[in-house]
Each structure stands twice: as structure tokens, then as C-alpha cells.
Protein chains: 2
Amino acid sequence: MKKKILIHDIAKHLDVSIATVSLVLNGKAKEMRISDTLADRVQQYTASVGYKPNQLAKSLRTGKTNVIGLMVEDIANPFFATVARLIEKKALARGYHIIYCSTNNDPAKAQGLLTMFQERHVDGYILALPEGVGSEVSSLVRSGKPVVLFDRMLPDVSANAVVVDGATGMYEATQHLLTQGFKNIALVSLQSEQQQMLARRQGYLQALQEQNLPALVHTVDYTQEPEQVVSQIQAFFQANPSCNAVLFATNYLGVHGLEALNRLGRSIPKHMAVVSFDDSNLSRLYSPPITVVAQPIEAMAENIIVTLLTALGDPLKSTSVTQLLLTPHLLIRESSIRFKP
Amino acid sequence: MKKKILIHDIAKHLDVSIATVSLVLNGKAKEMRISDTLADRVQQYTASVGYKPNQLAKSLRTGKTNVIGLMVEDIANPFFATVARLIEKKALARGYHIIYCSTNNDPAKAQGLLTMFQERHVDGYILALPEGVGSEVSSLVRSGKPVVLFDRMLPDVSANAVVVDGATGMYEATQHLLTQGFKNIALVSLQSEQQQMLARRQGYLQALQEQNLPALVHTVDYTQEPEQVVSQIQAFFQANPSCNAVLFATNYLGVHGLEALNRLGRSIPKHMAVVSFDDSNLSRLYSPPITVVAQPIEAMAENIIVTLLTALGDPLKSTSVTQLLLTPHLLIRESSIRFKP
DNA sequence: CTGAAAGCGCTTACAG
DNA sequence: CTGAAAGCGCTTACAG
């Protein structure tokens with residue numbers, strides 16, 4: 001770590017003005033008709049001494065930080081972790097860095113983090129938010145800041161969004177179970193009015209309705225301890241002995257649901273057919289392997305970052321809102337195939 | 001989003017000098033003997049208008065950003081994701097924010113990210129690094145920046161570190177298998193000279209040596225595609241038919257190793273006893289549940305953040321280096337219990 | 001107790 | 001083509 005070298009030092013050494021150095025470094029040499037010879041000398045020298053402009057000063061002056069704020073529900077959730085990793089990679093390739101935060105689905109925390117992002121002057125926002133922060137996001141969007149919602153939209157908020165068509169995903173998953181001959185299909189979902197949860201439930205309900213079959217929905221309070229969640233799901237299965245197929249609306253529920261079935265000694269798919277939302281190592285390697293509605297994570301990440309960069313590109317064009325609905329795909333595995341003894 | 005309000009605005013409105021406002025806001029009112037009455041007025045007013053100082057300007061001036069750079073191998077790896085979430089939470093409670101990055105174990109990428117952290121003027125560094133960046137880290141430490149290495153140390157680098165005693169963890173795991181009566185125990189590890197990998201292997205070797213039993217180590221090239229990793233492990237098992245117990249040195253290897261055993265139709269623990277490093281949902285819920293060497297993640301996160309904050313507190317005390325070796329614990333599950341027909 | 005002023009390190013009109 | 005100067009928004013000696 002040598003002493004930090006400043007633009008002033010390099011200007012002095014090269015015997016040119018600070019402006020010249022700055023202009024060259026910011027690619028405005030041509031524009032300002034600085035001679036190629038001089039520009040080259042500046043480039044050479046700055047590279048040789050490894051000069052790095054102070055980003056703080058630069059940001060203060062230009063109002064740009066090259067930082068994107070990314071808010072997820074829980075960074076330790078494999079779905080969000082994978083999206084985060086892909087976004088980070090793609091953003092980095094475009095010169096942007098990512099600050100992550102987990103909201104844990106707490107609106108107060110999400111609000112605090114939103115404020116923090118503003119204080120840090122992030123250039124753009126990528127958000128998977130809990131309910132109850134609609135007005136904050138609306139004013140953020142109105143202020144002209146590039147915002148992309150993902151995983152879930154917010155009711156009454158007109159912002160860019162990249163989400164998966166959970167309704168169709170669940171509709172197809174339910175139809176698949178029906179085709180297999182199951183008639184008593186339950187849905188285990190969250191006690192949440194989040195848009196993506198409603199959509200998933202909606203797909204399930206529609207498929208059953210079309211066949212005039214009864215629905216059976218159990219919602220779990222996710223603020224409880226994991227242990228409680230498991231026993232709650234256990235109790236639900238015990239209270240509904242005729243139910244022989246179940247859809248878990250999130251991978252979080254899938255994990256705890258499998259544990260519950262385990263404890264009850266119900267074998268899959270013999271006693272209970274299972275489909276979960278989100279693919280994972282667990283689903284793939286479980287015995288039997290679990291059928292899942294897989295989200296197109298790579299495509300989500302790509303679309304999120306492209307949408308955000310577009311908005312960053314023309315801040316004035318913020319009047320037009322892009323909302324993308326990506327199609328998930330059903331990965332059929334053993335857990336949902338009708339058991340033939 | 002109203003117009004951004006500045007310290008100048010509030011000074012004018014209160015008819016005091018900018019300095020007064022700044023001093024009060026930074027808790028130096030007493031020190032500068034500003035009257036309580038005035039101080040209160042300032043507090044009241046700034047709170048009422050929701051004034052937030054521009055962090056960029058503040059940082060430029062003070063040289064402090066309240067940002068900590070966290071570098072992990074892969075944020076989508078459950079171990080690192082969990083550590084990251086805990087660190088984020090604990091840091092936030094102390095007023096620090098986290099920037100994460102994944103190195104993917106690539107020294108060039110790690111080096112680039114290190115430079116980026118410096119450009120962003122992070123106040124402190126929390127690093128799980130690949131091999132080959134020792135000199136960069138050494139000069140960082142020498143420059144007086146607070147650094148905490150975790151998960152793995154770097155050879156010849158004298159820096160704060162919080163790591164798990166993998167040697168003991170693996171030693172105990174191997175002993176457990178020996179106690180169960182297994183004599184042909186293999187280790188599947190990574191083609192890597194990273195310190196924590198060497199330690200884990202070392203624990204395994206020592207346990208076998210004490211019993212005069214032969215070791216059987218297979219190392220996997222982790223830069224390959226997942227599919228290749230699986231088939232490589234498969235081939236290893238096929239080439240060593242007498243091997244009836246295996247230790248996987250990371251959860252990444254555990255996942256692929258289970259897949260390999262699956263494909264070979266080897267049942268656990270009947271044909272092959274299994275122990276993996278790192279606990280996970282998969283290990284817990286697998287059939288049979290997998291015995292693991294679990295890292296004390298919560299304790300790691302706490303010690304990391306405390307060590308870093310201590311270093312941030314007295315930058316001069318950077319002469320003393322804290323290196324913590326935490327003890328992992330063996331969670332014995334069915335996968336390693338000698339099969340009794 | 002308080003105000004005027006320098007300075008953190010940069011970018012960018014503006015005038016030559 | 002290039003230089004002097006203002007200004008991004010703050011903090012903090014320094015002088016009163």
C-alpha cells in the first residue's frame with residue numbers, strides 16, 4: 001500500500017492541467033480535441049503508476065455511484081442466493097457493484113433498508129419486497145430512480161417487474177396430479193397476501209375448479225420457529241387423512257413439508273404424492289426425487305439486469321414500465337407419479 | 001421524493017451556522033459547549049424534516065464509509081450464504097453495511113474484487129479467499145486496514161482469522177467410522193491446497209495412521225461442470241470396490257457424491273457409509289439422514305464481526321493479530337451407522 | 001458558544 | 001487544444 005496517488009500528482013508529473021488528465025481518463029479526449037499523443041501519454045502514465053480515481057469524490061461530483069441495491073427476502077434461501085449470484089456476475093461485467101440485503105419479509109426492515117439505499121445513493125434498485133411498502137416504492141419510482149421488482153410485484157405499484165407466472169406453474173402442476181389420478185390434492189401455502197403467493201394459489205384453485213373438485217388449502221405462519229412449522233404441517237396432514245397429494249407453494253415449505261411427512265412415516269408417492277415450487281439439490285436428490293415447478297432463474301437474472309440497465313440508460317424514459325412474466329417449467333419426478341404396486 | 005434537503009437549508013432555517021448543525025448532529029455539542037436548548041432545537045428540526053446527511057460527502061470528508069466488504073467463495077453455497085446473512089444482520093445492528101462478492105475461487109477475480117473494495121473505500125474486509133492472493137492481503141494488512149480472514153487462512157499471511165478446526169472435525173468423523181467397524185475409508189476432497197482443505201485431509205490421515213490403516217484419497221477438480229464431478233466420483237467408487245465408507249470434505253462434494261452413489265445404486269449405509277462436511281437441509285432430510293461435521297456458523301459470524309469491529313475501533317492496535325480456531329461438532333445420523341441386517 | 005473558511009478529490013462548463 | 005475555477009455536501013480546526 002503506497003501512498004495514495006491523486007489526479008493532481010499525475011497532472012504535475014506530466015506537466016499538464018488536472019482537467020486534461022480527467023478528460024482523457026473519462027474518454028472525452030476526442031470531444032475536447034486533445035491530441036492523441038498527449039492522450040496516450042496520460043493513459044500510459046496513469047496505467048504505469050496504477051492510478052485509481054477516488055470513487056467517493058467522483059460519485060459526489062457526478063451523482064453516480066455505480067452501485068445497485070439488491071433486496072431479497074433471505075439471502076440464505078437457495079432461490080434468492082442463486083438469483084443474487086447471477087445478478088452480481090452480470091452487473092459486475094457491466095461495471096456495477098451490488099449491495100445485498102435480506103428483508104426477512106419484515107416491512108419495517110425493508111423500509112429501513114430502502115432508506116439506507118437512498119442514503120448510499122445507489123444508482124438502481126432490484127427489489128423482492130414484503131407487503132406494506134407500496135407507497136415508499138411508488139415515490140421512489142416517481143422520483144425517477146430506476147427500480148426493478150422481482151419475484152413478486154406490489155399491488156397498485158406501477159414499476160418495472162420481472163416475475164414468474166406462478167399461476168400457470170401451479171395450474172400445470174395441479175393438472176399433472178389430476179392426470180395421475182389424484183383427486184384429493186392439498187395446497188400448503190404461506191399466510192401471506194403477497195402477489196406471487198396469491199398467483200400460485202390461484203393456479204391451483206383454477207385447475208381443481210375446472211374438474212369440480214374441492215380445494216384444500218393450508219396456510220402456514222412463517223414467522224414461527226422451523227420446529228413449529230413442521231408440526232403445524234404434520235397436524236394438517238393428520239387432520240386430513242383422505243388427502244393423498246400435496247403441493248408446496250415455496251421451497252421453504254417443501255423442506256419443512258418433507259420433514260413433516262417423514263415424521264408421519266408417510267411414504268412418497270405411495271401415501272402422498274408431492275410437488276414443490278422451486279428446484280433444489282434436495283428435490284433432485286431426495287428419495288424419491290421430488291417433482292417441482294422450476295423457476296427460470298438464469299432468465300430472471302438476465303432480464304432483471306437488462307431491464308435495470310435500460311432504465312439507467314435513459315432516466316427520462318421512466319414513463320414506460322416493463323413488466324415481464326416468465327414461464328416456469330414442471331420437472332416431473334417420481335414423487336408425483338401414481339404408485340403402482 | 002421531495003427535493004433533497006441540505007445542511008445549509010436547515011442552518012438557514014434555524015438561523016445558526018452550518019457548523020453548529022453539523023456539530024450537534026455528530027454528537028459534539030457538549031464538547032463545543034453548545035447550549036442544550038440550541039442543540040435540542042437542531043435535533044428537533046432535523047428530525048421533523050427528516051434530514052439525512054449525504055453519506056458520500058461525509059465519507060469523502062471523514063474517510064469513513066461504514067461499509068464492510070465481504071468476499072465469499074460462492075454466495076449460493078448454503079454455508080457461505082448463512083454466514084453472510086448472519087454477518088449482515090450483526091453488522092447492520094452496529095451501523096455497518098455489507099457489500100458481498102463471490103470469488104468462485106478464482107485468484108484473478110478475487111484480486112479484482114479486492115481492488116474494487118479499496119476503490120470503494122470499505123472500512124473493513126471479511127475474506128474467504130482462494131490461494132494465490134497472499135501478497136495482496138499482506139500489503140492490505142500492512143496498510144493498517146482491518147482485515148478478518150474466515151473459513152480458511154492464507155499461508156504466510158499474518159492477519160486476523162476465524163476458522164474452524166477441520167483437522168479435529170475430520171479426525172473425529174474418521175474415528176467414528178472406525179468405531180463403527182469400517183476399515184476401508186476413503187476421503188473425497190478437492191484439488192486444492194487451500195489451508196482448510198489440507199487441515200481436513202490431515203485429520204483424516206492421522207486417524208487412519210493411528211490404526212495403521214491405509215488411506216484412500218480422491219481429489220476432484222472443481223472447475224469442471226457438475227456433471228463431470230459426479231461421474232468422476234462415480235468412477236472413483238467403481239475403481240475401489242472394497243471401499244465401504246467415505247468422507248466428503250465439503251458440502252459441495254457431499255451433494256455430488258450422493259448423486260454418484262445414487263447412480264451406482266449403492267445404498268447407504270449398507271454398501272457405503274457416508275459422512276459429509278457441513279450440515280444442510282439435504283443432509284438432514286436425506287434417506288437415510290447423513291452424518292455431518294457441522295460448523296458452528298453462528299459462532300463464526302459473531303466472532304468475525306466482533307474481531308473486525310475491534311480492529312476498526314483501534315486501528316493502531318493492528319499489531320496484534322487474533323486467530324480463532326472454532327470447534328466443529330459431529331452430528332451422527334443413520335448414514336454412518338454400521339448396517340445390521 | 002458561534003461563524004467563516006479550508007479542504008476531502010474529483011468533473012466540467014467556461015474562457016481563452 | 002488547455003488552464004483556472006467553481007462546486008458536489010459535508011466536517012472541523014481556527015479565530016473570535
Side-chain angles (χ1 to χ4, degrees), chain A residues 2-43 45-46 49-67 95 118-123, chain B residues 2-43 45-46 49-67 95 118-123:
Chain A
K2 316 110 193 185
K3 183 141 194 58
K4 195 73 190 161
I5 144 164
L6 307 178
I7 195 169
H8 169 256
D9 302 326
I10 100 110
K12 179 138 64 173
H13 180 271
L14 253 28
D15 202 25
V16 299
S17 87
I18 288 178
T20 307
V21 178
S22 175
L23 260 12
V24 169
L25 257 28
N26 289 294
K28 306 206 171 153
K30 285 272 175 295
E31 201 174 312
M32 300 306 265
R33 278 177 298 177
I34 291 168
S35 74
D36 286 357
T37 334
L38 215 201
D40 282 354
R41 264 182 70 215
V42 173
Q43 296 282 17
Y45 183 66
T46 50
V49 297
Y51 168 69
K52 307 271 181 207
N54 180 323
Q55 292 297 329
L56 289 170
K58 209 165 167 166
S59 295
L60 178 59
R61 187 52 234 247
T62 62
K64 267 206 80 187
T65 54
N66 279 293
V67 171
Q118 288 172 242
E119 286 180 30
R120 303 240 155 241
H121 297 255
V122 301
D123 290 342
Chain B
K2 316 112 194 185
K3 183 140 195 58
K4 195 72 192 160
I5 144 163
L6 307 178
I7 194 169
H8 169 257
D9 302 326
I10 99 110
K12 180 139 63 174
H13 180 272
L14 252 29
D15 202 25
V16 299
S17 87
I18 289 178
T20 307
V21 178
S22 175
L23 259 11
V24 170
L25 257 27
N26 289 294
K28 306 206 172 154
K30 285 273 175 294
E31 202 173 313
M32 300 308 261
R33 279 177 296 178
I34 292 169
S35 73
D36 286 356
T37 334
L38 215 201
D40 281 354
R41 264 181 71 214
V42 173
Q43 297 281 18
Y45 183 66
T46 50
V49 297
Y51 168 70
K52 307 271 181 205
N54 181 324
Q55 292 297 328
L56 253 29
K58 207 164 170 167
S59 296
L60 178 59
R61 186 54 232 248
T62 62
K64 266 207 82 189
T65 55
N66 279 293
V67 171
Q118 288 172 243
E119 287 179 29
R120 303 241 153 240
H121 296 256
V122 301
D123 289 342

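In what follows, chains are A, B, ... by sequence order, proteins preceding strands, each numbered from 1. Just so it is clear, the structure is predicted and the values come from calculations on it, not from any experiment.
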Query raised in the report: Whole Å only: how far is the NZ atom of B:K64 from the P atom of D:dT12?
Result: 12 Å
Report summary line: note: B:D9, atom CG; D:dG9, atom P; distance rounded to Å ~ 10 Å
Report summary line: What one should report as the nearest heavy-atom pair of A:I5 and A:I10 is CD1-CG2, 3.6 Å
**Report entry** Distance test, side-chain N/O of A:N54 to OP1/OP2 of C:dC10, below 4.0 Å
**Finding:** no
Query raised in the report: Are A:L38 and A:V16 close enough that some pair of their side-chain heavy atoms sits under 4.5 Å apart?
Result: yes
Query - Between C1' of C:dG9 and CZ of B:R120, the distance in whole Å - result: 15 Å
Requested in this report: Taking atom NZ of B:K64 as the centre, report whether more than 12 heavy atoms of other residues, nucleotides or ligands fall under 6.0 Å from it.
Outcome: yes
Query - A:S22 side-chain proximity, nearest of C:dC8, C:dT12, C:dT2 - result: C:dT12
Report summary line: Taken to the nearest whole Å, CG/B:L60 to P/C:dC10 is 9 Å
Report summary line: Between B:D36 and A:V21, whichever has its closest DNA chain C nucleotide further toward 5' is B:D36
Query - Nearest-Å distance once atom P is located in both C:dG9 and C:dA13 - result: 23 Å
Query raised in the report: For the pair made of NZ in A:K28 and C1' in C:dC14, what is the distance, rounded to whole Å?
Result: 15 Å
Query - Nearest-0.5 Å distance, CG of residue A:L25 to OG1 of residue A:T20 - result: 11.5 Å
Query - Positive for side chain to side chain contact (heavy atoms under 4.5 Å, CB included) with B:I18, one of B:L23, B:D9, B:I7, B:L6 - result: B:I7
Requested in this report: Take atom CG of B:N26 and atom P of C:dT2, then tell me their distance rounded to the nearest Å.
Outcome: 16 Å
Could you pull out the protein-nucleic contacts involving nucleotides 3-5 of chain C (nitrogen or oxygen on both sides, under 3.5 Å)?
from: C:dG3; atom 1: OP2; to: B:S17; atom 2: N; distance (Å): 2.5
from: C:dG3; atom 1: OP2; to: B:S17; atom 2: OG; distance (Å): 3.2

Report summary line: Per atom distances to the A:S35 side chain, the nearest of D:dC1, C:dC10, C:dT11 is D:dC1
Query - Presence of B:Y51 side-chain N/O under 4.0 Å of D:dG9 phosphate oxygens OP1/OP2 - result: no
Requested in this report: Between D:dG16 and D:dT12, how far apart are the C1' atoms? Round to whole Å, please.
Outcome: 16 Å
Report task. Grab the NE2-C1' distance between A:H8 and C:dC10 for me, whole Å please. Result -> 13 Å
Query raised in the report: Hey, where does DNA chain C pair up into stems, meaning at least three consecutive Watson-Crick or G-U pairs with distances under 3.5 Å?
Result: C:1-3 with D:14-16, C:5-12 with D:5-12, C:14-16 with D:1-3
**Report entry** For atom NE2 of B:H121 and atom P of C:dC8, their distance in whole Å
**Finding:** 13 Å
Requested in this report: Considering just the side-chain nitrogens and oxygens of A:K58, establish if one lies under 4.0 Å of OP1 or OP2 belonging to C:dG9.
Outcome: no
